Amino acid sequence: MRVRLLYFASIREQLGCAAESLELPAGITTVGALLEHLMLRGGAWREALAQTRVLRVAINQDMAEPGRTLSGGDEVAFFPPVTGG
Amino acid sequence: MRVRLLYFASIREQLGCAAESLELPAGITTVGALLEHLMLRGGAWREALAQTRVLRVAINQDMAEPGRTLSGGDEVAFFPPVTGG
Amino acid sequence: MAVRIQREDFDAGAEMARLRAGRADVGAIASFVGVVRDTNAGSRVGAMTLEHYPGMTEKSIQSIIEEAASRWRIFDAVVIHRIGELLPRDQIVLVAVSGSHRGEAFAACEFIMDYLKTRAPFWKKEQTPEGARWVDARVSDDAAAARWDAPAAGTGSGA
Amino acid sequence: MAVRIQREDFDAGAEMARLRAGRADVGAIASFVGVVRDTNAGSRVGAMTLEHYPGMTEKSIQSIIEEAASRWRIFDAVVIHRIGELLPRDQIVLVAVSGSHRGEAFAACEFIMDYLKTRAPFWKKEQTPEGARWVDARVSDDAAAARWDAPAAGTGSGA
């Protein structure tokens with residue numbers, strides 16, 4: 001299945017990537033598995049996405065936990081804790 | 001001694017009096033004694049000033065208790081609980 | 001720290017802007033505007049008259065602001081209270097407080113408003129279909145003011 | 001209930017006036033304005049850039065307002081949050097809430113602000129003499145939001 005990935009703020013800057021469309025290999029069905037898959041890219045990807053303490057995830061614009069199951073067409077966003085207001 | 005008396009809101013209306021200057025007889029030295037003295041006027045005075053549960057007193061623009069001692073030249077105000085804001 | 005008792009209406013936005021004019025350390029402005037409602041205690045209110053005790057009013061509000069400034073780190077505060085005849089939808093009172101952080105600005109603003117309701121010498125008289133009547137003091141207002149006495153009250157978030 | 005994410009500045013007074021336009025049951029308007037300070041975490045801040053997650057931002061603020069409206073009797077609320085480049089003294093955010101009584105308007109306004117700080121997807125990047133840096137999330141903001149979970153929190157005065 002294909003998902004849309006978004007990266008914001010410090011995560012976006014570390015990755016040098018704001019958005020991408022990705023066809024997931026079979027077996028990648030959760031947020032956690034997706035993260036591990038992305039970290040295989042190495043370098044900044046391994047480093048930025050390993051910060052599990054501060055990494056936040058949203059699926060279709062709702063906050064989500066790493067255990068959450070993905071569906072085709074999902075919009076999955078990665079970002080640091082929010083600091084607006 | 002002479003004091004200035006002020007009456008506000010429902011107390012002013014009940015008494016039909018907003019302000020007066022009064023020479024206190026000897027022995028009238030506290031707010032409580034002043035109130036009893038004023039109540040001797042009878043009628044609305046006795047009625048309005050007997051409402052001790054809701055009557056508020058300020059001396060020189062600070063809230064005061066009935067036991068407070070009066071001095072010549074004091075501004076003594078009587079009014080109901082406040083309802084601004 | 002400004003206290004104004006006036007018949008005229010006020011511009012809440014302009015007062016809030018004044019609180020941050022000329023200084024770049026203000027991070028938070030909390031404010032409250034009280035408005036005349038067309039109903040109170042079950043009756044339709046056509047108009048209301050606000051009486052006050054000139055001199056004591058300004059003094060009591062000033063000391064409420066000073067008490068707030070001693071409890072929370074705030075930079076400045078403005079209180080404007082109208083007197084005379086007011087109609088439903090008219091603004092009655094503005095309390096605005098500036099500080100570095102929102103928790104303290106919020107707490108100080110609400111504290112000033114709660115104390116003003118129970119300690120500043122204003123009295124409302126309402127015109128209703130049943131006639132004119134002086135508004136009764138509310139037990140809930142005393143309770144709102146009293147909660148600031150509790151040891152743990154109004155700590156805010158500090159943030 | 002209005003949520004606006006915009007680059008332009010806003011007029012807090014006009015927004016507060018809009019909350020009571022055309023209705024005579026509004027007795028209380030509580031509001032908060034957040035402003036860019038020229039120092040943060042010990043460094044001088046020359047400018048800041050606010051990034052957000054379009055779509056999710058509006059959605060999350062809308063749901064924060066709905067949560068506030070389910071906890072307190074309020075009539076209406078407006079939240080405006082600026083994005084893009086901002087300078088010290090610039091307004092960042094407005095939260096304004098209308099209701100019958102002040103206790104509920106204050107509580108809802110502070111609740112929305114605390115939740116916005118911890119749940120709405122905005123990120124600040126500051127320019128300082130030491131270089132550009134992303135602002136770190138504050139533990140005190142998490143604490144401010146968490147206190148609304150406590151059973152007795154935010155009861156307000158109901159007055």
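Treat the numbers as computed from the prediction; the structure is a model and nothing was measured. Every chain is numbered from 1, with letters handed out A, B, ... down the list of sequences.
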Look at the side chain of R89(C) and the backbone N and O of R20(D), then say whether any donor-acceptor pair between them is shorter than 3.5 Å.
->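 Looks like no, no N/O pair under 3.5 Å.
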Can you sort out the partners of S100(C) under side-chain contact (heavy atoms from CB on, under 4.5 Å), two or more places apart, ordered by chain and number?
->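 Applying side-chain contact (heavy atoms from CB on, under 4.5 Å) to S100(C) gives F75(C), R37(D).
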Could you tell me which of [options] has the largest number of non-hydrogen atom pairs under 4.5 Å with chain C?
options                  : value
A96(D), A30(D), G34(D)   : A30(D)
G27(D), A28(D), G13(D)   : G27(D)
C109(D), S31(D), A145(D) : S31(D)

Segment of V33(D) engaging chain C (4.5 angstrom heavy-atom cut-off) =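 Both parts, backbone and side chain.
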Nearest atoms (heavy-atom pairs only) where E110(D) meets G103(C) |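 Heavy atoms of E110(D) and G103(C) come nearest at OE2-CA, 4.3 Å.
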Ring centres under 6.0 angstrom apart (F106(C), F32(D)) |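 When the ring centroids of F106(C) and F32(D) are compared, they turn out to be within the sub-6.0 Å range.
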Best-contacting candidate, S98(C), G22(C), A14(C), P88(C), against chain D by heavy atom pairs under 4.5 angstrom |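 Among S98(C), G22(C), A14(C), P88(C), the one with the most close pairs to chain D is G22(C).
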Atom OG of S140(C) and atom NE2 of H101(D): how far apart are they, to the nearest 0.5 Å?
->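 Rounded to the nearest 0.5 Å, the OG-NE2 separation comes out at 8.0 Å.
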Sidechain N-carboxylate O distance under 4.0 Å for D141(D), R102(C) |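 Looking at D141(D) and R102(C), the cut-off is met.
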